[in-house]
Trainee: 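Just dropping this structure here.
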2 protein chains.
Amino acid sequence: MDKPVDKGTEQQILQAAHRVIVRRGKSGTRMQEIADEAGVNKALLHYYFRSKDKIYHAILRNVASELFRSLLDSLDFSLPFYQLISDFIRLHIGAIRNNLDLFQFFFSEIWTNRAEVLPVFLEVLSVSEGRLPELFFARVNRAVYEKEIRPVDPLNLLLNIISLDVFFFVASPLIIELMELPESELQRMFDERALQVTDFVWESIKYRGEQ
Amino acid sequence: MDKPVDKGTEQQILQAAHRVIVRRGKSGTRMQEIADEAGVNKALLHYYFRSKDKIYHAILRNVASELFRSLLDSLDFSLPFYQLISDFIRLHIGAIRNNLDLFQFFFSEIWTNRAEVLPVFLEVLSVSEGRLPELFFARVNRAVYEKEIRPVDPLNLLLNIISLDVFFFVASPLIIELMELPESELQRMFDERALQVTDFVWESIKYRGEQ
DNA sequence: GTCTATACCAAGATAGAC
DNA sequence: GTCTATCTTGGTATAGAC
């Protein structure tokens with residue numbers, strides 16, 4: 001089905017640029033490295049994209065939509081609350097594992113390049129999504145009202161879940177070194193992380209009757 | 001007490017370098033910017049430090065020890081477990097707030113410069129500390145045994161707490177934009193974060209009798 | 001469209017006067 | 001120890017042949 005390897009030079013360049021920029025960050029990226037990785041001449045990068053800035057922006061938009069697409073897999077807000085957060089955490093962590101490099105890139109660039117990065121992400125986010133938080137907040141409030149869970153602040157709950165999902169993976173290379181875990185053990189923690197988080201969160205919020 | 005402003009040129013340069021490197025990251029840093037900020041000539045940077053790499057390494061070690069020092073304020077492991085994690089979280093979050101720029105720098109550099117950054121941090125960590133995790137793990141196991149808390153995996157508990165502490169602050173500029181929170185509201189969340197996390201964690205782990 | 005060659009410039013580094 | 005001037009490198013960008 002696929003054309004052999006030739007997806008057109010422009011695509012070649014874009015894909016190479018994606019890899020290099022995600023790996024090195026903006027100021028660490030060299031046009032030469034992109035050219036090498038794309039198997040074309042440096043001059044061609046400028047022929048197609050005019051400048052490094054232009055390439056960077058193109059990649060930034062790609063990364064942003066990949067990231068958000070990966071986070072917005074369909075959630076069913078009518079499920080029981082335990083099921084909902086269980087699904088949410090599982091999908092979320094799955095997405096993070098599949099796009100670890102993008103998350104790491106994102107957290108690297110957001111500080112050194114905030115002015116450039118934030119607008120792109122906000123724009124992509126606003127078209128692609130918009131009101132996931134509102135839906136979630138409403139569902140949390142209903143769950144409290146219907147005594148599925150104890151009273152909690154929805155925003156803090158969402159942030160807590162995201163913290164537990166994201167940080168572990170973003171920090172994993174560190175954890176490996178600090179804890180001197182064998183690779184196999186880390187792999188196991190990766191696999192179990194979703195269940196672990198779901199359990200931790202649910203134990204914290206589930207309704208247990210008036211205390 | 002303090003000498004007026006002249007702490008010696010070398011110190012001037014180090015302090016300027018610290019600010020610039022933390023702000024821009026390694027590859028974003030320009031020797032000229034350091035020189036300007038230190039109020040000296042570019043050539044002097046090389047006179048004192050030979051190369052940009054050397055300066056970067058010096059700053060890296062500084063940052064590493066500042067970060068760890070900030071995280072290792074005395075903990076009293078003989079306190080009741082609730083008191084212990086309450087203290088731990090409060091101290092930890094306090095340290096993060098006071099050194100937000102260092103944390104952000106760290107999470108930026110660790111990905112683009114892993115090979116350079118990790119060894120420095122591991123070395124500084126190994127001399128300055130060593131066995132905080134072990135002490136914590138032992139205390140958790142005792143708390144489980146003595147039915148202060150439900151059975152939990154100590155490593156996961158530690159990682160969960162750190163996630164909840166760190167991520168919120170590292171991601172705060174994003175949260176502001178995404179949630180369109182007013183600055184005042186964010187400030188309030190900052191102030192309450194330690195209590196919020198303590199509550200969330202404690203509700204999850206506290207012993208409630210055989211279920 | 002793709003290449004070679006080269007212009008141009010910014011940045012790290014050094015020489016040498018003071 | 002500090003400066004000015006300069007070298008060198010390497011990176012972005014362009015001109016022009018094919």
Side-chain angles (χ1 to χ4, degrees), chain A residues 3-62 105 108-109 111-113 115-117 120, chain B residues 3-63 105 108-109 112-113 115-117 120:
Chain A
K3 288 277 178 58
V5 185
D6 191 304
K7 282 149 296 184
T9 308
E10 189 167 350
Q11 282 306 310
Q12 292 281 90
I13 292 174
L14 272 177
Q15 290 178 16
H18 188 283
R19 288 193 297 274
V20 174
I21 289 175
V22 164
R23 184 162 62 230
R24 307 255 183 239
K26 179 176 183 178
S27 56
T29 290
R30 302 287 162 253
M31 298 293 267
Q32 187 61 57
E33 189 173 359
I34 297 176
D36 291 347
E37 190 137 340
V40 301
N41 190 280
K42 229 180 15 167
L44 268 195
L45 306 192
H46 290 94
Y47 174 77
Y48 280 104
F49 295 96
R50 280 189 54 84
S51 75
K52 181 177 170 178
D53 271 353
K54 293 275 202 316
I55 295 183
Y56 181 70
H57 260 83
I59 299 305
L60 213 49
R61 302 181 126 278
N62 278 355
F105 166 77
S108 295
E109 295 287 287
W111 302 114
T112 40
N113 270 332
E116 212 171 350
V117 171
V120 174
Chain B
K3 290 275 178 61
V5 185
D6 191 303
K7 282 148 298 182
T9 309
E10 189 167 349
Q11 281 307 310
Q12 291 282 90
I13 293 174
L14 272 177
Q15 290 178 18
H18 188 283
R19 288 193 297 275
V20 174
I21 289 175
V22 164
R23 185 163 62 232
R24 307 254 182 240
K26 177 176 184 178
S27 56
T29 290
R30 301 288 162 254
M31 297 294 267
Q32 187 61 58
E33 190 174 357
I34 297 177
D36 291 348
E37 191 137 338
V40 301
N41 190 279
K42 217 177 36 161
L44 269 195
L45 307 194
H46 291 94
Y47 174 77
Y48 281 104
F49 295 96
R50 282 188 53 85
S51 74
K52 182 176 171 179
D53 271 354
K54 292 276 201 316
I55 295 183
Y56 181 70
H57 259 83
I59 300 305
L60 214 49
R61 302 180 127 277
N62 278 354
V63 171
F105 166 77
S108 296
E109 295 286 288
T112 41
N113 270 333
E116 213 170 350
V117 171
V120 174

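Keep in mind the model is a prediction, meaning the values are calculated, not measured. Just so it is clear, the values below take in all heavy atoms, side chains as well, and ignore hydrogens, waters and symmetry mates.
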Trainee: Rounded to the nearest 0.5 Å, what separates atom CD in B/Q15 from atom CD1 in B/I59?
Mentor: 9.5 Å
Trainee: Provide the closest heavy-atom pair for B/V20 versus B/E37 in the form atom of the first, atom of the second, distance.
Mentor: CG2-OE1, 3.8 Å
Trainee: Of B/E109, B/E116, B/R61, which meets side-chain hydrogen bond (donor to acceptor under 3.5 Å, both in side chains) against B/Y56?
Mentor: B/E109
Trainee: Check the interface with nucleotides 6-8 of chain D: list each N/O to N/O pair with the protein under 3.5 Å, or write none.
Mentor:
none

Trainee: Residues two or more places apart in sequence or in another chain: which of them pass salt bridge (charged side-chain N to carboxylate O under 4.0 Å, His left out) with B/D36?
Mentor: none
Trainee: Only distances under 3.5 Å count here; give the side-chain donor-acceptor pairs of residues 40-48 of chain A to other protein atoms, sequence neighbours excluded, each with its distance to 0.1 Å.
Mentor:
from: A/N41; atom 1: OD1; to: A/A43; atom 2: N; distance (Å): 2.7

Trainee: Atom CD1 of B/I13 to atom P of C/dA13: distance rounded to whole Å?
Mentor: 14 Å
Trainee: How many angstroms lie between atom CG of B/N113 and atom CG of B/L60, to the nearest 0.5 angstrom?
Mentor: 8.0 Å
Trainee: Kindly give the atom pairs (protein nitrogen or oxygen, nucleotide nitrogen or oxygen) under 3.5 Å for nucleotides 15-18 of chain D.
Mentor:
none

Trainee: Using a strict heavy-atom distance below 4.0 Å, which residues from residues 25-34 of chain A are in contact with DNA chain C?
Mentor: none
Trainee: Kindly give the heavy-atom pair with the smallest separation between B/V63 and B/H18, and that separation in Å.
Mentor: CG2-NE2, 3.9 Å
Trainee: For the pair B/K52 (side chain) and B/K26 (backbone), establish whether a donor and an acceptor sit closer than 3.5 Å, ignoring hydrogens and angles.
Mentor: yes
Trainee: Measure CD/A/E10 against C1'/C/dT2 and give the value in whole Å, please.
Mentor: 14 Å
Trainee: Check A/W111 against B/S108 and note the closest heavy-atom contact, atom names and distance.
Mentor: CD1-OG, 3.2 Å
Trainee: Take the protein atom CG of B/D36 and the nucleotide atom P of C/dA11, then report the distance between them rounded to whole Å.
Mentor: 11 Å
Trainee: Check whether any side-chain heavy atom of B/F49 lies under 4.5 Å from a side-chain heavy atom of B/L14, and answer yes or no.
Mentor: yes
Trainee: Nearest 0.5 Å please: distance from the CD atom of A/E33 over to the CZ atom of A/R19.
Mentor: 10.5 Å
Trainee: Could you check A/I21 against A/I55 for side chain to side chain contact (heavy atoms under 4.5 Å, CB included), going step by step and ending with a plain yes or no?
Mentor: CA-CA 9 Å; A/I21 289 175; A/I55 295 183; 4.1 Å; yes
Trainee: List in numerical order all residues of residues 44-54 of chain A for which some heavy atom is under 4.0 Å away from an atom belonging to DNA chain C.
Mentor: A/L44, A/Y47, A/Y48
Trainee: Please give, in whole Å, the distance from D/dT2 C1' to B/N41 CG?
Mentor: 7 Å
